[in-house]
Amino acid sequence: MSNARNVAIFGFSLAAALIFNASANADKLDDVLARGKLVVGTGTTNPPWHFRNEAGDLVGFDIDVAKMIAKGLFDDDTKIEFISQASDARIPNILTDKVDVTCQFVTVTAARAQQVAFTIPYYREGVSLMLKSGGKYNNYDALKAAGSAATISVLQNVFAEQMVHDALPEATVDQFDSVDLMYQSLNSGRADAAATDNSSLKYYMSQNPDQFVDSGYSWNPQSYACIVKRGNPDWLNFVNVALRESMTGTTFPVYREAYKKWFGEYPTEPKIGFPGELR
């Protein structure tokens, strides 16, 4: 067989494979619609994002976000199947098509965007300082002025001390190996503030009204988004439309109530007129 013929056959095979893959990817939205349910990867152990309540039901803000996508697909947010997965399975289960979408507080990074496609963000996370109501310090400025006299409890990790010192350069840092112990330190007066995710702070405060206050300062921003498989532009576009309109458009009331339920406050209302998200 001649080299020219080999090249021609290889070129035809490659073109056929690309056409097949493009066709398969383009049908993702149609496949989900034909199946009649949305398959979502998520966790089960991280309130207020995804966890089981006392009745054993899967609840949380990630769960409500996923239901918004199902509602957009089928006008029925019960047409959904949740696949319980560990954090390290979030990307593999997308790549192997075990799930259609993962909604599991995935932090957006450029490195991860090389493996999966991110939707638009549905929450902006950060670190905040929670104070005990009626405690020694009543806001961030007081904590900062106290210098090393202020003790901050934080979940133990290699970046914890530097993370706290980014906001409070002179504070004493006390690390704990569980969130419960970190909060107990604040409750007992061993710590003057707890450094924790802003979402956790809001949830914990909503569950314990009048016991804690927000210092009023947050830092270390990161975006949470859902993820889908790369190469499915119609599917990614649909999920983005469902999320965007939940946050800024026709289905905002659903997002608004979910946000209030899990974070104890209402999000800013979308402004009428020029779309602010395009600025």
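Here the structure is a predicted model, which is why all the values come from computation and not from measurement.
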Tyr266/Glu257 under side chain to side chain contact (heavy atoms under 4.5 Å, CB included): CA gap, chis, key distance, verdict: CA-CA 7 Å; Tyr266 286 115; Glu257 292 307 313; 3.5 Å; yes
For the backbone of Ile227 and the side chain of Thr102, can you confirm whether one donor and one acceptor N or O come within less than 3.5 Å of each other? no
Would you say Leu33 ends up clustered with Leu236 if hydrophobic residues are merged whenever their side chains have heavy atoms under 4.5 Å apart, either directly or through other cluster members? yes
Are the charged groups of Lys28 and Asp100 less than 4.0 angstrom apart, N to O? yes
Looking only at atom types and distance, does a side-chain atom of Lys132 sit under 3.5 Å from a main-chain N or O of Asn187, one as donor and one as acceptor? yes
Could you go step by step and tell me if Thr248 and Glu277 meet the side chain to side chain contact (heavy atoms under 4.5 Å, CB included) rule? CA-CA 9 Å; Thr248 66; Glu277 65 271 20; 3.9 Å; yes
Might you work through the side chain to side chain contact (heavy atoms under 4.5 Å, CB included) test for Leu129 and Leu168, ending with a clear yes or no? CA-CA 10 Å; Leu129 294 162; Leu168 297 168; 3.8 Å; yes
Is the backbone N or O of Thr44 less than 3.5 Å from a side-chain atom of Arg52, with the two atoms forming a donor-acceptor pair by type? no
Result for side chain to side chain contact (heavy atoms under 4.5 Å, CB included) between Val101 and one of Val39, Val65, Leu38 points to Leu38
Aromatic plane relationship, Tyr259 with Tyr123 - under 30° parallel, 30 to 60° tilted, over 60° perpendicular: tilted
Strictly distance-based, threshold 3.5 Å: is any side-chain N or O of Thr172 a donor or acceptor partner for the main-chain N or O of Thr151? no
Against Gln85, only a single residue in Gln104, Arg90, Lys98 fulfils side chain to side chain donor-acceptor pair (under 3.5 Å); can you say which? Gln104
What pair of heavy atoms forms the shortest contact from Pro48 to Ser199, and how long is it? CG-O, 4.0 Å
Taking atom CG as the centre, does Asn53 end up with more than 12 heavy-atom neighbours from other residues, nucleotides or ligands that are less than 6.0 angstrom away? yes
Does one hydrophobic cluster hold both Tyr122 and Phe118, with members joined at side-chain heavy-atom distances below 4.5 Å? no
When rounded to the nearest 0.5 angstrom, what is the spacing between CZ in Arg244 and OG1 in Thr251? 10.0 Å
Is Leu73 close to Leu29 at the side-chain level, that is, under 4.5 Å between some pair of heavy atoms? yes
More than 12 non-hydrogen atoms from neighbouring residues, nucleotides or ligands closer than 6.0 Å to CG on Leu278, yes or no? yes
Compare every heavy atom of Arg190 with every heavy atom of Asp174, then report the nearest pair and how far apart it is. OD2-NE, 2.8 Å
Is Ile91 reachable from Tyr224 through a run of I, L, V, M, F, W or Y residues, each pair having side-chain heavy atoms under 4.5 Å apart? no
Run the ring-centre check on Trp219 versus Tyr140 and record whether the distance is less than 6.0 Å. no
For the residue pair Val173 and His165, what are the closest heavy atoms and their distance? CG2-NE2, 3.6 Å
Give the C-alpha distance, both sets of side-chain angles, the deciding distance and a yes or no for side chain to side chain contact (heavy atoms under 4.5 Å, CB included) between Ile69 and Leu243. CA-CA 7 Å; Ile69 300 170; Leu243 294 178; 4.1 Å; yes
Would you call Tyr204 and Asp197 a side-chain contact if the rule is heavy atoms closer than 4.5 Å? no
Hydrophobic clustering (ILVMFWY, side-chain heavy atoms < 4.5 Å, transitive) - are Val239 and Val241 grouped together? no
Heavy-atom closest pair (Leu155 atom, Ser178 atom, distance to 0.1 Å) is CD1-C, 3.5 Å
So, do Trp262 and Tyr255 have ring centers that fall under 6.0 Å from each other? no
Criterion side-chain hydrogen bond (donor to acceptor under 3.5 Å, both in side chains) on Asp141 and Tyr217, from CA distance to verdict: CA-CA 9 Å; Asp141 289 336; Tyr217 182 77; over 6 Å; no
Near Phe274 CZ, under 6.0 Å, is it more than 12 heavy atoms from other residues, nucleotides or ligands? yes
Measure the shortest side-chain to side-chain distance between Val154 and Met163 over non-hydrogen atoms and say whether it is less than 4.5 angstrom. yes
Working to the nearest 0.5 angstrom, can you tell me the gap between Glu170 CD and Ser148 OG? 6.5 Å
To the nearest 0.5 Å, what is the distance between OG1 (Thr42) and CG (Leu58)? 6.0 Å
Quick one: are Phe51 and Thr45 in side-chain contact, heavy atoms under 4.5 Å? no
Answer yes or no: is there a donor N or O on one side and an acceptor on the other, between the side chain of Ser246 and the main chain of Ala242, under 3.5 Å? yes
Shortest non-hydrogen pair, Leu131 vs Asp192, comes out as CD2-O, 3.4 Å
Rounding to 0.5 Å, atoms CG (Leu186) and CD1 (Ile152) come to a distance of 9.5 Å
Do Phe61 and Tyr203 have ring centroids that are under 6.0 Å from one another? no
Are any non-hydrogen side-chain atoms of Arg256 and Glu269 less than 4.5 angstrom apart? yes
Can you tell me if Asp177 uses its side chain to pair, donor with acceptor, with the backbone of Gln156 under 3.5 Å? no
Side-chain touch Arg112/Val106, heavy atoms, less than 4.5 angstrom: yes
Consider only side-chain N and O atoms of Gln184 and Asp180, and report whether a donor and an acceptor are under 3.5 Å apart. no
Is the closest side-chain heavy-atom distance between Tyr183 and Thr196 below 4.5 Å? yes
Can you name the closest pair of heavy atoms from Ala142 and Tyr137 and give their distance? O-CD2, 3.8 Å
Within this structure, what is the NZ-CZ distance for the pair Lys79 and Arg35, rounded to the nearest 0.5 Å? 13.0 Å
Under the criterion side-chain hydrogen bond (donor to acceptor under 3.5 Å, both in side chains), I'd like the reasoning laid out for Ser128 against Ser218: C-alpha separation, chi angles, the key distance, then a yes or no. CA-CA 5 Å; Ser128 296; Ser218 298; 2.6 Å; yes
With a 4.5 Å cut-off on side-chain heavy-atom distances among I, L, V, M, F, W and Y, is there a chain of contacts connecting Ile94 to Val32? no
Between Asp77 and Met68, is any pair of side-chain heavy atoms under 4.5 Å apart? no
Rounded at 0.5 Å granularity, tell me how far OG1 in Thr78 sits from NZ in Lys37. 12.0 Å
Give a yes or no on whether a salt bridge exists between Asp64 and Lys261, defined as a side-chain N under 4.0 angstrom from a carboxylate O. no
Any sub-3.5 Å donor-acceptor pair from Glu125's side-chain atoms to Asn198's backbone N or O? yes
